[in-house]
Amino acid sequence: MLSLRQLFLLNNAQTSFTPRMLHIERAEGVYLYGPDNKAYIDFVSGFAVSNVGHRHPKVVQAIKDQVDRYMHLAVYGEYIQSPQVLYATKITSVLPESINSVYFVNSGAEATEGALKLAKRYTGRSKIISCNSAYHGSTHGALSVMGNEYYKEAYRPLLPDVHFINFNEEADLHTIDEQTACVIMETIQGEAGVRVADTSYMQALRKRCTETGTLLIFDEIQTGFGRTGKLFAFEHYDIAPDILLLAKGIGGGMPIGAFCANRDIMSVLADNPILGHITTFGGHPVCCAAGLATLNAILEENMMAGVDEKEALLRKELQHPAIKEIRGKGLMLCIQLDSFKQVEEVSKLCIANGVIVDWFLHCDTAIRIAPPLITTDEEIIKACEVIKNALTEYNNKAK
Ligand code: PLP
């Protein structure tokens, strides 16, 4: 009889030769539990998903209630399904008035795909601009706008007419012109190793897009739903996008994504051809019910209120000679170290000692810190202690 570990390696397609292989039996709040009941603080929120913690009771209840009514009924966009309608209504109520239509999909990459199609169809243009070190998902369209050649090379040909600029570099904005359908950008670059742009840059970007009739797509798949202390990170810059991408945290642990825009822009998907974007499971009623409960919990339980203080606490606690820099905003942070080996070994030590951390797709010399918004000060202090001890242990071994 093969062990679960052996079966995992045998029957589940692998994404690398070095999977974490952490076996988790259950999860609650900020904790994951192994088969031996060993507790781990999830200091990455399942990769920026569990903003409200794992299995938030209101989310769990909403899922149970919805499962008792119905699950899948029909392809997206045909039937009136109350969880979809109520969640879209709630999302638009917390967005600027100009963004008043929500198209639900199943994931972040699908939100990217839908938005790129929408921008091309609405503007009648084909030129797309993205950023170096950007990450918007792994499907073909999303891969085309990924700013890292290493991951793309083997999968060419990809989408044509995609151009790259440097994030936060105002001099590059002239690349945006009257032929440009859209600029797609993360409001804070995540997989690049948490890079925050200047407000002046973001405002100049908005201005240039408006001047040239280019649609500005903000990818808030990682930054959205309170992670940076505001519901959406674009609020820090006092601007709004034309198309907003959401996923990860918006399902409270269930798979759902969305691209949101003005009704006029979105309407082109319904005409010439009709069914301009199709998804069977997009806006699954159980996921929408979970999402609505998630957003309600964030707002009703004031989860964003303590984010700035928690960031300050993390910055205060994470003082160690091995840490070169702490970057980020709110609870989307990273600690910059020296090498991948150090990041890898320190992460292993942290996990062995009950704190889950990780690194980034385009920056493997920094450790990802993105705890759930509900993490208490005590848990933050405890997790920081584990991280600092791991850094010291690594340093001592390396000597
Ligand atoms: N966009 C950003 C900024 C992301 O961080 C991710 C996932 O990490 C995606 C898009 C893709 O989302 P998904 O993995 O749900 O396709």
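Ligands are counted one by one from 1 in listed order, and the atoms in each one are counted from 1 as well.
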Original post:
Hey, are Asp338 and Lys324 close enough for a salt bridge, meaning a charged N less than 4.0 Å from a carboxylate O?
Top reply: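 Yes, charged N to carboxylate O under 4.0 Å.
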
**OP:** Below 4.0 Å from any atom of ligand 1, which residues have a heavy atom? Give them in chain and number order, please.
**Re:**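 Answer by chain and number: Ser107, Gly108, Ala109, Tyr135, His136, Gly137, Glu186, Asp219, Ile221, Gln222, Lys248.
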
Subject >> Donor-acceptor under 3.5 Å (Ser16 side chain, Thr18 main chain) >> reply: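 Between the backbone of Thr18 and the side chain of Ser16 there is a qualifying donor-acceptor contact (under 3.5 Å).
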
**OP:** Could you verify whether a donor N or O on one side chain and an acceptor N or O on the other, from Asp161 and His163, lie under 3.5 Å apart?
**Re:**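 Their side chains do contain a donor-acceptor pair, which is all the 3.5 Å distance test asks for.
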
Original post:
On the ring face of Tyr33, is Arg26 found with NZ or CZ under 6.0 Å from the centre and within 45° of the axis?
Top reply: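 Yes.
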
Can you list, pair by pair, the side-chain donor-acceptor contacts under 3.5 Å of residues 343-361, counting residues two or more places apart and other chains?
| from | atom 1 | to | atom 2 | distance (Å) |
| --- | --- | --- | --- | --- |
| Ser347 | OG | Val343 | O | 2.6 |
| Asn353 | ND2 | Leu349 | O | 2.9 |

Original post:
Parallel, tilted or perpendicular: which fits the ring planes of Phe281 and His284, with parallel below 30° and perpendicular above 60°?
Top reply: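 Rings of Phe281 and His284: tilted, 30 to 60°.
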
